[in-house]
Number of protein chains: 2
Amino acid sequence: MKNPQELFADYLADKNLKVTPQRRLILDTFLKQDGHLSSEELYANVKKRDSSIGQATVYRTLKLLNESGLIEPLDFADGVVRYEWSYGQTHHDHLICDKCGKNIEILDETIESRQEQLAEEHGFKLLRHKMYLYGICSDCRSK
Amino acid sequence: MKNPQELFADYLADKNLKVTPQRRLILDTFLKQDGHLSSEELYANVKKRDSSIGQATVYRTLKLLNESGLIEPLDFADGVVRYEWSYGQTHHDHLICDKCGKNIEILDETIESRQEQLAEEHGFKLLRHKMYLYGICSDCRSK
DNA sequence: ATGATTGCAAAGAATTTGCAGCTCT
DNA sequence: AGAGCTGCAAATTCTTTGCAATCAT
């Protein structure tokens with residue numbers, strides 16, 4: 001079983017691209033934070049570890065990670081693009097609190113299979129989907 | 001039953017905002033095109049009818065229409081924000097062809113009720129949701 | 001060696017805002 | 001009259017790109 005750095009290295013090698021300290025550090029920082037990071041947040045964290053790294057390199061690395069399928073962009077409807085590690089993860093969707101921003105990963109087999117079926121009924125071959133549920137969490141409602 | 005212009009006028013009046021020829025024209029243009037318009041496309045169409053209208057006014061009006069709940073932003077995953085008329089429409093989701101961009105409005109009761117239930121199971125009061133299914137349509141596959 | 005990568009600054013793209021004059025109510 | 005609007009241009013925000021120096025293989 002390969003670890004994330006190895007997976008990324010494989011992807012880079014396959015594209016004749018190079019493993020660099022910056023790329024390693026950015027990926028490592030991303031993984032340490034986990035959760036759902038924006039480019040901005042990631043850049044801030046990366047700079048704490050190596051202040052010489054430029055913003056553009058973070059953008060470029062996120063792009064590579066995304067193309068490689070290792071991470072995926074998320075849309076929490078607050079105008080910020082966030083990413084999450086996706087490789088090897090079971091697919092899931094997100095339940096987001098409009099008030100505090102808390103987000104919970106969810107998965108429902110009933111929905112997943114109906115999606116597949118729905119697409120088929122319309123002659124589509126389903127490739128992927130996005131589902132976001134927005135509401136107010138119990139904490140925020142009890143305040 | 002009020003028409004869109006009346007609904008918009010009501011919203012504006014309620015906020016002590018004004019009905020202006022520009023706002024009327026922008027909404028009218030939006031409705032004539034229907035479908036799923038980006039700000040860019042809408043602006044282009046608006047300019048055909050009144051070239052003196054500025055881009056900023058289109059942005060400002062779309063913002064108002066969105067706040068009023070009359071229209072809603074869509075994410076077809078092609079990097080462009082589009083809007084659709086939403087007031088009085090039954091809720092629906094979208095099935096989008098990654099190849100040709102075709103999009104079909106879909107609705108599935110099974111999914112809708114499971115979403116409600118899922119949110120509840122996590123202590124959330126569900127306010128809204130977004131679901132997009134991406135795939136390849138039959139036309140594009142048979143080419 | 002040599003093609004890829006980096007940081008920087010400049011460039012872009014999309015959207016927002018300040019302002020002076022004009023318009024709706 | 002007077003708060004709200006408008007078009008314009010300048011300003012923001014987020015992201016990408018050109019470039020000369022540097023690095024990975």
Novice: Tell me: OH of Tyr43(A) to C1' of dT13(D), nearest whole Å?
Specialist: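 Those two atoms, OH and C1', are 15 Å apart.
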
Novice: Which side-chain N or O atoms in residues 59-67 of chain B pair as donor and acceptor under 3.5 Å with protein atoms at least two apart or in another chain?
Specialist:
unit_1   : atom_1 : unit_2   : atom_2 : d
Thr61(B) : OG1    : Thr57(B) : O      : 2.7

Novice: Tell me whether the side-chain N/O atoms of Tyr59(A) come closer than 4.0 Å to OP1 or OP2 in dT16(D).
Specialist: no

Novice: Side chains of Met131(A) and Gln115(B), heavy atoms from C-beta outward: is any pair under 4.5 Å?
Specialist: yes

Novice: Could you work out which one of dT15(D), dG4(D), dG3(C) sits closest to the side chain of Lys18(B)?
Specialist: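 Ranking dT15(D), dG4(D), dG3(C) by closest atom to the Lys18(B) side chain puts dG4(D) first.
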
Novice: Can you tell me the distance, in whole Å, between the CG atom of Leu64(A) and the C1' atom of dA4(C)?
Specialist: 11 Å

Novice: Val19(B) or Lys63(B): which one's nearest nucleotide on DNA chain C is closer to the 5' end?
Specialist: Lys63(B)

Novice: For Gln22(B) and for Ser39(B), find the nucleotide of DNA chain C with the closest heavy atom, then tell me which residue's nucleotide is more 5'.
Specialist: Ser39(B)

Novice: Keeping to residues at least two apart or across chains, list the ring pair (Phe, Tyr, Trp, His ring centres under 6.0 Å) pairs with something in residues 107-129 of chain A.
Specialist: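 Output for this query lists His91(A)-His129(A).
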
Novice: Is any side-chain nitrogen or oxygen of Arg23(A) closer than 4.0 Å to OP1 or OP2 of dT5(C)?
Specialist: yes

Novice: So, for Tyr132(A) and Pro73(A), which heavy atoms are closest and what is the spacing to 0.1 Å?
Specialist: OH-O, 4.2 Å

Novice: Would you say dT6(C) has OP1 or OP2 under 4.0 Å from some side-chain N or O of Thr20(A)?
Specialist: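 So the side chain of Thr20(A) is within the cut-off, an N or O lying under 4.0 Å from OP1 or OP2 of dT6(C).
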
Novice: Can you figure out which of dT15(C), dT5(C), dG18(D) approaches the side chain of Leu17(A) most closely?
Specialist: dT5(C)

